[in-house]
There are 2 protein chains.
Amino acid sequence: MNIGQASDASGVSAKMIRYYEEIGLIRPASRSGNNYRVYDEEQVHVLRFVRRARSLGFSLEETETLLKLWQDKSRTSAAVKEVATGHIADLERRIAEMQGMVKTLKHLAHCCGGDHRPDCPILDDLAGEKPLHDQHHHHEGELR
Amino acid sequence: MNIGQASDASGVSAKMIRYYEEIGLIRPASRSGNNYRVYDEEQVHVLRFVRRARSLGFSLEETETLLKLWQDKSRTSAAVKEVATGHIADLERRIAEMQGMVKTLKHLAHCCGGDHRPDCPILDDLAGEKPLHDQHHHHEGELR
DNA sequence: GTAAGGCTTCCCATCATGGGAAGGTCAAGG
DNA sequence: CCTTGACCTTCCCATGATGGGAAGCCTTAC
């Protein structure tokens with residue numbers, strides 16, 4: 001199986017397969033006579049593992065850790081769980097950060113007329129002016 | 001005011017001030033005889049605007065748009081609001097994506113013993129095996 | 001005079017991915 | 001046999017926003 005077929009079978013682009021090999025995430029593929037990379041089902045399985053880990057937001061470094069644990073038959077599920085819970089915490093931190101932004105932005109947008117006039121509490125906030133005392137133009141709740 | 005003072009006054013690192021100038025986000029600072037960049041209160045105000053926009057997650061491109069709207073006295077608040085709502089939608093999309101990851105990961109972690117044994121539904125999922133039928137080890141709800 | 005600290009530019013690294021060029025290889029079909 | 005097209009190879013560059021650090025200039029204080 002060449003890299004194109006491995007890519008189709010795994011859902012990982014050929015570009016990324018080469019990159020993962022380069023950074024040592026996956027073992028270098030063996031080469032056929034024409035210097036083409038050759039893959040078997042097992043390698044494709046590894047690639048799918050990587051793709052799934054990436055789709056759950058694990059970094060390549062975390063993915064490498066998980067990959068090693070997967071291949072280590074004497075691993076403990078505690079070790080795996082620790083990686084996962086660490087990642088969950090990271091995601092939740094980032095989610096909370098973005099939710100804070102959304103909350104502020106929705107409040108500002110809610111207070112913004114959104115009309116032809118130039119007055120805009122959003123710009124006022126960015127400019128550090130007029131702390132905004134909820135004197136909004138709308139009365140239909142757009143928040144929540 | 002030199003770049004260091006402007007940095008302290010605005011909360012934007014000197015490195016970033018130079019970068020923002022380089023990419024055209026802010027106007028090139030005038031230079032004093034020794035070729036040092038010189039800033040006044042107005043420039044610092046602009047830098048604070050940028051910092052605030054960044055802290056709300058606006059990209060530098062969006063920040064540039066907002067900066068131009070801020071300086072354009074004939075802007076409409078509708079134009080500003082559109083940028084903000086677009087950004088809110090983007091944030092919410094990313095939040096939803098990450099929440100999906102968290103949901104899956106919490107489920108998997110919940111079903112993982114987290115003990116000395118190697119069996120691990122997290123790895124099984126990543127490997128694309130055993131679709132997981134909620135046969136978890138825990139009974140205290142960790143989800144939600 | 002020299003040391004410290006601030007300024008300048010320039011290059012490199014991050015993280016994960018894609019784009020594209022230049023060139024080798026292979027299979028099918030004229 | 002030769003061309004065409006679809007692969008493959010490596011190498012370089014770009015993204016977005018930021019930081020690190022080197023080499024060298026300027027100023028101020030001791």
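All heavy atoms count here, side chains included; hydrogens, waters and symmetry mates do not. Labels below follow one simple rule: chain letters A, B, ... track the order of the sequence lines, proteins then strands, and each chain is numbered from 1.
With distances taken from any side-chain atom of B/Tyr20 to the nucleotides D/dT9, D/dT18, C/dT9, the minimum falls on D/dT18. Closest approach to the B/Arg37 side chain among D/dT9, D/dG19, C/dT8 is made by C/dT8 (side chain taken as heavy atoms from C-beta onward). Among C/dA16, C/dC7, D/dG19, the nucleotide with an atom closest to any side-chain atom of A/Leu60 is C/dA16. Listed nucleotides C/dT17, D/dT9, D/dA17 differ in distance to A/Arg31; the shortest reach to its side chain belongs to D/dT9. Listed nucleotides: C/dC7, C/dG18, D/dA17. Nearest to the side chain of A/Ser13: C/dG18.
Panel note: side chain A/Ser7, backbone A/Val12; a donor-acceptor pair is recorded below 3.5 Å. Proximity of a side-chain donor or acceptor of B/Ser77 to a complementary backbone N or O of A/Gly114 within less than 3.5 Å is detected.
Protein atom CZ of B/Arg18 is 14 Å distant from nucleotide atom C1' of C/dC11, rounded to whole Å. Rounded to an integer number of Å, the gap from CD of A/Glu21 to P of D/dT9 is 9 Å. D/dA17 atom P lies 7 Å from atom CD1 of B/Ile23, rounded to whole Å. Atoms CZ (A/Phe58) and P (C/dC15) sit 17 Å apart, rounded to a whole Å. Across the protein-nucleic acid pair, B/Arg51 atom CZ and D/dA17 atom C1' stand 16 Å apart, rounded to whole Å. Atoms NE2 (A/His87) and P (C/dC15) sit 15 Å apart, rounded to a whole Å. For A/Asn35 and C/dG23, the CG to P distance is 17 Å, given to the nearest whole Å. At whole-Å resolution of the value, CE in B/Met1 and C1' in C/dC7 are 16 Å apart.
The two residues B/Phe49 and A/Ala127 have their closest heavy-atom pair at CD1-N, 3.7 Å. The minimum heavy-atom distance linking A/Leu108 with A/Pro121 is given by the pair CD2-O, 3.9 Å.
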Please produce a list of atom pairs where a protein N or O lies less than 3.5 Å from an N or O of nucleotides 1-4 of chain C.
none

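In this structure, the side chains of A/Met16 and A/Val50 stay at 4.5 Å or more apart for every pair of heavy atoms. Looking at heavy atoms from C-beta onward, B/Leu56 lies in side-chain contact with B/Arg52 at the 4.5 angstrom threshold.
Note on A/Arg54: only backbone sugar-phosphate atoms sit closer than 4.0 angstrom, heavy atoms only; bases stay farther off.
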- Query: Which nucleotides of nucleotides 20-30 of chain D have their base under 4.0 Å from a protein heavy atom (B), which only their sugar-phosphate (S), and which neither (-), written as one string 5' to 3'?
  - Reply: BB----BS---

Contacts table for residues 18-29 of chain A: side-chain donor-acceptor under 3.5 angstrom, sequence neighbours left out:
{"unit_1": "A/Glu21", "atom_1": "OE1", "unit_2": "A/Ala29", "atom_2": "N", "d": "3.3"}
{"unit_1": "A/Glu21", "atom_1": "OE1", "unit_2": "A/Arg37", "atom_2": "NE", "d": "3.1"}

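In this structure, OG1 in A/Thr85 is found 10.5 Å from CD in A/Glu92, a value given to the nearest 0.5 Å.
Taking 4.0 Å as the cut-off between side-chain N and carboxylate O, A/Asp115 and A/Arg117 count as a salt-bridged pair.
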